[in-house]
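Since the structure comes first, as structure tokens, the remarks are kept for the end.
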Amino acid sequence: MGWLEAHLDDECCDVATIGRRTGAVHEIEIWFGVVGDSVYLVSGNGPGADWYRNALAHPEVVVRFGRERRAGLARAVTDPDERRHVGELMGAKYPEWQGDASIGLTRHAWCFDVPLLAIDRWAD
């Protein structure tokens, strides 16, 4: 697990993507999960979320935990077993969160149905 082990219990991380239209850097704060050497991010707003679309268009992203930054490559998670495993992990990490009625997002959908992004293949 290496460098990620120190951040397992962090609540959030920051992720910088490159705008698919503008080419500008965009940074968001987001909840995350870690499995092995991968950081996982749930796109609660679905496949249309700007950060998600940016990461798919330009997979070179930067993840920041406090002052520590690492560049990695983003990929959409398409394997159902990987998606289920990470959904269970995210549900356990954020047990208090029950969904967001304002966007029609249930806890179950957030854990298991909406798009999931993995970041790995870290640069040294």
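Residue indices begin at 1 and follow the sequence shown. Below, each value reflects all heavy atoms present in this structure, side chains not excepted, and no hydrogens, waters or symmetry copies.
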Could you pull out every donor-acceptor pair under 3.5 Å between side chains of residues 42-51 and any protein atom, sequence neighbours left out?
unit_1: S43; atom_1: OG; unit_2: G46; atom_2: O; d: 2.6
unit_1: D50; atom_1: OD1; unit_2: R20; atom_2: NH2; d: 3.0

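Nearest heavy atoms, T106 versus A109: OG1-N, 3.0 Å. Of all non-hydrogen atoms in G36 and L4, the two that sit nearest each other are O-CD1, 4.0 Å. Heavy atoms only, all atoms of each residue included: I18 and G23 are closest at CG2-O, 3.6 Å. Across L89 and G33, no two heavy atoms sit closer than the pair CD2-CA, 3.7 Å.
Distance CD/E82 to CZ/R75: 4.5 Å, rounded to 0.5 Å. The distance from the CD atom of E60 to the OG1 atom of T17 is 11.5 Å, given to the nearest 0.5 Å. For the atom pair H58 NE2 and H26 NE2, the distance stands at 9.5 Å (nearest 0.5 Å). Remark: C111 SG to Y94 OH distance equals 11.5 Å, nearest 0.5 Å. The line from CZ of F32 to CG of L8 is 7.0 Å long, rounded to the nearest 0.5 Å. Remark: I119 CD1 to D37 CG distance equals 13.0 Å, nearest 0.5 Å.
R83 is listed as a side-chain neighbour of V114, based on a closest heavy-atom distance under 4.5 Å. When side chains are defined from C-beta on, I30 does not count as touching C12, because their heavy atoms never get closer than 4.5 Å.
Counting heavy-atom neighbours within 6.0 Å of D81 CG, excluding the residue itself, gives a total above 12.
When atom types are taken as modelled, the side chain of Y52 and the backbone of L41 share no donor-acceptor pair closer than 3.5 angstrom.
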